[in-house]
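Taking it in order: structure first as structure tokens, then the write-up.
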Amino acid sequence: MNIDGKALSQKIRDEIKIEVDELKSKGVEPCLAVILVGNDPASEIYVRNKIRGCEYTGIKSLSYKLDEDTTEEYLVDLIEKLNNDNSVHGILVQMPLPKHINEKRILSLINPKKDVDGFSVEQIGLLGLGTPDLITCTPHGVIELIKSTGVDMTGKRAVVIGRSNVVGKPLMNLLLLENCTVTVCHSKTVDLPSITREADILIAAIGKPKFVTSDMVKDGAIVIDVGINRVDGKLCGDVDYENVSKKASFITPVPGGVGPMTITMLLKNTLKACR
């Protein structure tokens with residue numbers, strides 16, 4: 001059965017909208033500042049979708065579109081200005097940044113209380129300690145998708161393919177908080193199919209088109225596909241959807257699965273940061 005990320009995302013956005021309206025009635029307007037440096041086409045689409053999400057939910061959005069040759073110091077000054085602006089509750093710097101700008105330094109400058117992407121050392125640390133505050137958006141969206149199936153995660157064997165700081169590692173900690181037994185696999189994992197076949201919950205986040213085949217999946221598993229790849233002009237995930245969907249009890253499609261949830265969790269974090 002398909003897990004409909006679009007429908008779940010819409011439901012959560014409608015809930016956010018109600019909360020935002022309540023806050024506005026008390027004179028508080030949640031505000032997200034989005035900074036885009038350069039002309040990366042994928043980043044421009046993401047930013048446009050984020051602004052559209054803000055418009056729908058009633059969150060105020062400030063958009064800063066900076067030239068490719070913007071200096072690191074200019075960006076540093078802008079972040080400091082937004083950090084000190086009490087009317088701004090969330091700050092998001094769209095990645096990737098141009099090569100001459102140090103991403104690690106820029107992320108470290110964002111006030112952790114306004115880090116709605118959840119990438120700061122403080123937010124990642126809180127998640128690692130089991131006391132998450134602003135949770136990295138894509139992993140948070142994945143957990144919400146799994147919960148929407150109604151399946152109790154307690155005691156389930158969860159396997160994550162991919163160990164990135166953006167998805168794999170935060171997801172491992174979130175699954176542990178749901179009392180799963182978690183295995184994280186990666187490019188150096190020996191005999192990957194033997195591990196994935198044991199998974200009650202299998203999550204693929206590696207950026208390899210149709211990498212997960214049906215012989216790697218246990219009958220009745222929940223399969224979450226985080227990958228977004230373009231093959232012959234068409235979008236596809238890291239999972240061979242056509243064949244794996246015949247074995248999985250629940251599966252996310254690409255597009256329409258994890259993607260819509262990422263921006264929705266960003267909006268949820270902005271509301272939380274405002275509160």
Side-chain angles (χ1 to χ4, degrees), residues 30-38 40 42-47 49-51 53-54 59 61-64 66 70 72 75-85 88-144 160 162-177 184 186 203 205-207 226-228 258-274:
C31 176
L32 171 66
V34 180
I35 302 169
L36 173 63
V37 186
D40 180 71
S43 292
E44 287 183 345
I45 291 167
Y46 278 131
V47 167
N49 288 337
K50 285 163 183 171
I51 290 167
C54 285
I59 292 171
S61 68
L62 305 175
S63 186
Y64 297 87
L66 308 179
T70 297
E72 187 171 311
L75 187 53
V76 166
D77 289 345
L78 175 58
I79 290 168
E80 284 179 358
K81 180 182 140 204
L82 294 169
N83 277 340
N84 293 323
D85 185 342
V88 174
H89 307 104
I91 302 169
L92 183 147
V93 179
Q94 184 63 43
M95 299 294 161
L97 288 169
K99 289 192 170 70
H100 66 277
I101 296 176
N102 184 329
E103 287 189 358
K104 198 173 178 183
R105 181 190 179 200
I106 294 304
L107 288 174
S108 73
L109 291 171
I110 298 171
N111 178 345
K113 299 281 183 272
K114 298 187 179 191
D115 170 32
V116 286
D117 246 345
F119 289 154
S120 65
V121 171
E122 181 170 320
Q123 292 299 347
I124 291 290
L126 287 170
L127 177 56
L129 290 170
T131 55
D133 179 25
L134 300 172
I135 304 168
T136 317
C137 300
T138 298
H140 194 184
V142 167
I143 296 296
E144 292 298 323
V160 181
R163 56 177 167 181
S164 73
N165 293 330
V166 177
V167 180
K169 290 175 188 170
L171 197 43
M172 171 191 73
N173 284 309
L174 285 172
L175 288 162
L176 287 171
L177 283 174
V184 179
H186 44 79
I203 301 155
I206 48 171
V226 182
I228 299 177
V258 175
M261 292 297 291
T262 298
I263 292 174
T264 298
M265 293 301 107
L266 171 72
L267 300 170
K268 197 168 185 176
N269 275 349
T270 303
L271 177 62
K272 188 173 185 181
C274 174

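Scanning for salt bridge (charged side-chain N to carboxylate O under 4.0 Å, His left out) contacts around K113 gives E122, with sequence neighbours left out. A search for side chain to side chain donor-acceptor pair (under 3.5 Å) contacts involving N102 returns nothing, not counting sequence neighbours. Taking D85 as the reference, nothing meets the salt bridge (charged side-chain N to carboxylate O under 4.0 Å, His left out) condition, with sequence neighbours excluded. Under the rule for a side chain to side chain contact (heavy atoms under 4.5 Å, CB included), the partners of I45 that lie at least two apart in sequence or sit in another chain are R48, N49. Under the rule for a side chain to side chain contact (heavy atoms under 4.5 Å, CB included), the partners of A205 that lie at least two apart in sequence or sit in another chain are V167, V226. S164 pairs by the side chain to side chain donor-acceptor pair (under 3.5 Å) definition with nothing, not counting sequence neighbours. The side chain to side chain contact (heavy atoms under 4.5 Å, CB included) test applied to L97 returns V37, L75, V93, M95, I101, E103, I106, not counting sequence neighbours. When the side chain to side chain donor-acceptor pair (under 3.5 Å) test is applied to D77, no partner is found at least two apart in sequence or on another chain. Looking at residues two or more places apart in sequence or on another chain, you find no side chain to side chain donor-acceptor pair (under 3.5 Å) involving N83. By the salt bridge (charged side-chain N to carboxylate O under 4.0 Å, His left out) test, E44 pairs with K65, sequence neighbours left out.
Using a distance-only test at 3.5 Å, with no hydrogens or angles considered, a donor-acceptor pair links the side chain of D115 to the main chain of F119.
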Solution key, residues 136-143 side-chain donor-acceptor pairs under 3.5 Å, sequence neighbours excluded:
| unit_1 | atom_1 | unit_2 | atom_2 | d |
| --- | --- | --- | --- | --- |
| T136 | OG1 | G118 | O | 3.2 |
| T138 | OG1 | T262 | OG1 | 3.0 |

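For the pair N173 and I124, the minimum side-chain heavy-atom distance is 4.5 Å or more. Residues K114 and H89 are not in side-chain contact: their nearest non-hydrogen atoms beyond the backbone lie 4.5 Å or more apart. Residues L82 and I35 are in side-chain contact: their nearest non-hydrogen atoms beyond the backbone lie under 4.5 Å apart. Between L177 and P132 the shortest side-chain heavy-atom distance falls below 4.5 Å.
For residues 90-100, the side chain to side chain donor-acceptor pair (under 3.5 Å) pairs, not counting sequence neighbours, are K50-Q94.
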